[in-house]
Amino acid sequence: MFIEFGFYIVVLAFALALFAVFAAVRGYLQPSDRWVESARRAMFLTFPLLLLAASILITLLISNHFEVQYVYSVTSRAMPLYLKVTALWGGQPGSLLFWSLLMSAFATAVSLRKWDRDREFLPWVIVVTSVTLAFFLSLIIFFENPFARWWQTPTGDFVAQMFPPKNATLTTPSDGEGLNPLLRHPGMIIHPPMLYLGFVAFVIPYAFAIAALVTGRTDDRWIRLTRRWTLVAWLFLSLGLVLGMRWAYDVLGWGGYWGWDPVEIAALLPWLTGTPFLHSVMIEEKRGMLKQWNMFLIILTYALVIFGTFLTRSGVLSSVHAFAQSAIGPMFFGFIAFTFVISAALLIHRWKTLKADGEMHSLLSREALFLLNNLLFMGVLVVCLWGILFPLISEIFTGQKVTVGPPFYERAVAPLFAALMALMGIAPLAAWGRSTVQTLGRAMWKPAIPTLLTPLVLFALGISNWIALIGFTLVAFVIFITLHEYWRGVRARMKAQGEGLLTALIRLVSRNRRRYGGYLIHIAMVVMAIGILGIEVFQTTTQQSLAIGESLTLDGYTIRYDSLAQFPHADGRFVTRAVLSVFKDGKFLQELYPRYDLYPDGQPMTIPGVRTTLADDLYVVLVNWEDVSTMQAPFKVYHNPLINWLWIGSLLFIFGYAVAVWPQKEVA
Amino acid sequence: MKRRFVSLISLSFLLFSALAMMPQSRPALAQQPTPSDDEVNAIAQDLFCPVCENTPLDVCPTEACRQWRELIRQMLAEGKSEEEIKQYFVENYGARVLSEPPRTGLNWLAYLVPPVAFLAGVFLLFRAFQTWRRMAREAAAEAGSGSVPAAPPADEYAARFEAELKKRK
């Protein structure tokens with residue numbers, strides 16, 4: 001009863017979402033406030049309903065209801081409670097329900113605001129969010145039902161369905177399959193909700209953009225209304241990406257954080273349009289330009305959000321044939337095409353009214369540099385999108401399967417990101433409207449001196465890799481320029497107001513949070529770049545099989561194999577754990593414990609032993625895919641210089657973000 | 001102004017193509033009876049088996065991939081070169097074992113589409129700049145003075161900030 005109840009609630013939410021679409025359109029056309037209000041209330045109702053449905057599913061997950069196929073596939077009796085709860089997004093049907101829940105929560109939050117003078121947007125915001133919600137709910141109801149149960153037919157077959165086939169009896173397996181061990185990691189537990197929060201939050205600015213297009217109110221109001229949503233979406237998407245990297249680094253055991261896997265790229269795609277959007281809307285706010293472009297960017301971002309969910313969910317990546325077999329794939333494809341065509345048609349319809357109010361005066365103005373930033377991001381996007389799509393295109397047209405792997409992306413993307421870093425340094429100095437070489441030069445010459453010294457110092461220290469030299473110089477460029485901007489502001493305050501250094505700094509930042517928080521985010525980005533450069537350029541690795549007491553050396557480190565222990569863990573996995581001693585210059589530093597866990601279902605999980613410092617990581621993997629014995633074991637050792645700065649940069653990023661969006665109390 | 005922009009484009013294009021042509025450095029392989037894991041991995045890291053999606057061969061835990069690595073070791077011991085070994089895998093398992101599409105036939109599209117699209121973007125942006133500048137000039141001419149157009153209202157904060165700086169100097 002309980003299980004069917006969960007399903008019916010989802011069906012009810014689906015019906016309400018459809019009704020909201022109908023009522024909102026009718027309310028707009030008539031026009032009738034009562035219909036719009038009715039649509040709004042229908043929308044409100046979806047949230048408690050979906051919350052209830054999700055709660056029911058969580059209850060089933062934690063109470064071992066293995067007759068439910070989803071519960072069976074993602075949990076097992078041995079799993080701890082927190083993993084059972086988070087198994088809500090551990091598989092496809094649960095993820096879709098979770099996505100829908102977030103969508104309805106955000107839609108509800110946004111329609112709760114005071115609409116006063118923006119009331120004309122309301123019906124269309126409801127339409128867009130409800131259509132999106134209805135689409136995801138339809139996937140749950142018709143294809144990926146988390147409440148489907150196991151039935152045994154009279155012929156003895158087991159089928160998973162919501163309702164019993166004829167003469168079938170309900171079957172309850174004694175235990176579930178359990179969550180994929182690779183997903184039992186804090187990074188993986190928080191990573192999907194972060195990404196989903198980012199994905200879903202981007203639907204809100206898109207909904208307002210469509211509302212602006214339909215109603216013809218195409219000034220920058222929709223941008224101002226949704227600025228916070230855009231920032232929230234961007235934060236969660238960024239955090240989701242970083243957490244994914246961290247998870248890969250900690251759990252996958254290949255010594256890296258990013259493998260240019262299509263699934264990773266799928267999550268990056270909306271970030272690649274969301275980030276330029278975040279910048280170019282500023283041009284529209286300040287200068288009334290680029291209205292058409294901003295519309296295009298947010299439409300593209302929405303399409304990529306759905307596309308990203310689709311890529312990871314449809315099986316299209318492994319093969320076009322898997323795509324054709326899965327019912328969910330063509331649905332996604334159709335939905336993306338449908339929304340994109342309608343959005344594009346609306347954009348073309350309003351093209352003339354979106355003409356710019358201002359003009360571009362100078363190639364060195366801030367808006368011109370922002371446009372260049374947009375171009376570079378689009379360049380990265382094209383590379384990534386094409387890299388994902390090309391294998392599919394190749395398979396369709398020639399039948400030949402090809403791999404587009406890391407070298408393809410790295411070669412193309414590295415110069416584009418380098419150019420972006422250069423822009424990050426220059427653009428904040430350029431004024432809106434116009435800048436000349438002289439004004440830019442005046443603002444830049446002081447920080448330029450230490451910047452130019454950077455490669456010389458690094459070269460003197462023995463770094464001769466030209467990619468590293470260019471990269472670190474750009475990092476220095478951004479950091480020095482940004483700090484100099486801070487210093488100019490602080491000094492002006494200290495002189496004008498007679499304030500102390502710290503007071504001046506705090507007041508400067510608190511009165512211009514968006515600007516100085518943004519600067520901090522720039523610094524955070526290049527700090528992350530330090531880590532990326534370190535591992536990409538300077539990573540070294542070796543793999544050797546060691547007998548007990550033997551050691552290997554890598555980049556000045558000596559690693560000795562001391563012992564190996566094998567023991568069962570209380571939760572059923574079987575642990576094989578090595579003890580290694582790390583030495584440098586003959587001095588003992590610490591022990592490392594690389595291990596691998598074998599789960600009852602035969603899934604292995606490789607956990608590296610890592611010694612981490614600000615300068616470098618020593619990352620040791622017990623190579624469980626070769627022969628491991630107590631006497632002799634193979635180890636793969638990575639030396640990853642500077643990688644820690646990637647994680648430090650992401651913490652700084654959160655700090656900068658908090659500074660930028662913290663509600664401003666006093667008005668400057 | 002135009003020249004600077006053109007040189008910027010050509011510079012980025014040069015950078016792009018220079019990186020595209022960068023040789024992939026690989027330590028020279030020493031001839032020895034049993035090639036080491038590192039020598040095997042140096043080749044394996046550029047190969048992908050058809051079963052494990054997107055996992056390079058050097059870190060792939062499956063039994064099939066282990067056998068492939070042993071095969072590489074064997075071929076190295078026989079004195080085969082990296083090229084020959086990769087060629088062997090391509091012939092037996094198809095082009096998908098390589099980390100990038102081979103540069104032949106339709107596969108050239110993989111390499112040509114992104115730079116062409118990017119250059120098209122550069123061109124469009126450049127045209128847009130030209131149009132905007134013409135519009136700005138015309139607007140200035142209409143204003144009568146014929147001089148440079150008045151600076152648009154710049155960033156209010158920046159203006160105040162600069163004024164304060166000047167005052168204090």
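Atom set for the values below is all heavy atoms of this structure, side chains included, hydrogens, waters and symmetry mates excluded. In the text below, chain A, chain B and the rest are named by the order of the sequence lines, each starting its count at 1.
For the pair A/Gly379 and B/Phe118, the tightest heavy-atom approach, listed with the atom from each and the gap, is CA-CD1, 3.7 Å. Contact detail for A/Val382 and B/Ala117: the closest heavy-atom pair is CG1-CB, 3.9 Å. Minimum heavy-atom separation, A/Phe397 to B/Leu106: CB-CD2, 4.5 Å. Summarising the geometry of B/Tyr111 relative to A/Arg411, their closest heavy-atom pair is CE2-NH1, 4.0 Å, with the distance given to 0.1 Å.
Contacts of A/Leu376 with chain B are made by both backbone and side-chain atoms, with heavy-atom separations under 4.5 Å. Contacts of B/Leu109 with chain A are made by both backbone and side-chain atoms, with heavy-atom separations under 4.5 Å. If you measure heavy-atom distances from A/Leu290 to chain B, the contacts under 4.5 Å come from the side chain alone. Heavy-atom distances place both the backbone and the side chain of A/Phe408 under 4.5 Å from chain B. For a residue to count as touching a neighbouring chain, one of its non-hydrogen atoms must lie under 4.5 Å from one of that chain's; by this rule B/Cys60 touches chain A with the backbone only. For A/Trp386, the part sitting under 4.5 Å from any heavy atom of chain B is the side chain, from C-beta outward, and nothing else.
Between B/Asp38 and A/Gln543, the side chains place no donor N or O within less than 3.5 Å of an acceptor N or O (distance only, hydrogens not considered).
A/Thr403 contributes a side-chain N or O that, together with a main-chain N or O of B/Arg96, makes up a donor-acceptor pair within less than 3.5 Å.
Remark: A/Tyr409 OH to B/Glu100 CD distance equals 10.0 Å, nearest 0.5 Å. Here A/Ser365 contributes atom OG and B/Phe129 contributes atom CZ; the two are 6.5 Å apart, rounded to the nearest 0.5 Å. A/Thr398 OG1 to B/Asn107 CG: the interatomic distance, rounded to the nearest 0.5 Å, is 7.0 Å. From A/Trp293, atom CH2 reaches atom CG of B/Leu125 across 9.0 Å, with rounding to the nearest 0.5 Å. Note that the CG atom of A/Asp261 and the OG1 atom of B/Thr55 stand 7.5 Å from one another [nearest 0.5 Å].
Contact tally against chain B (heavy-atom pairs below 4.5 Å) for A/Leu252, A/Asn374, A/Leu385, A/Thr542: the top residue is A/Thr542. Counting heavy-atom pairs under 4.5 Å between each of A/Gln544, A/Met378, A/Lys636 and chain B puts A/Lys636 at the top. The candidate from B/Gly121, B/Ala110, B/Pro61, B/Ala95 with the greatest count of non-hydrogen atom pairs under 4.5 Å with chain A is B/Ala110. Among B/Pro102, B/Pro101, B/Gly105, B/Ala128, the residue with the largest count of heavy-atom pairs under 4.5 Å with chain A is B/Pro101.
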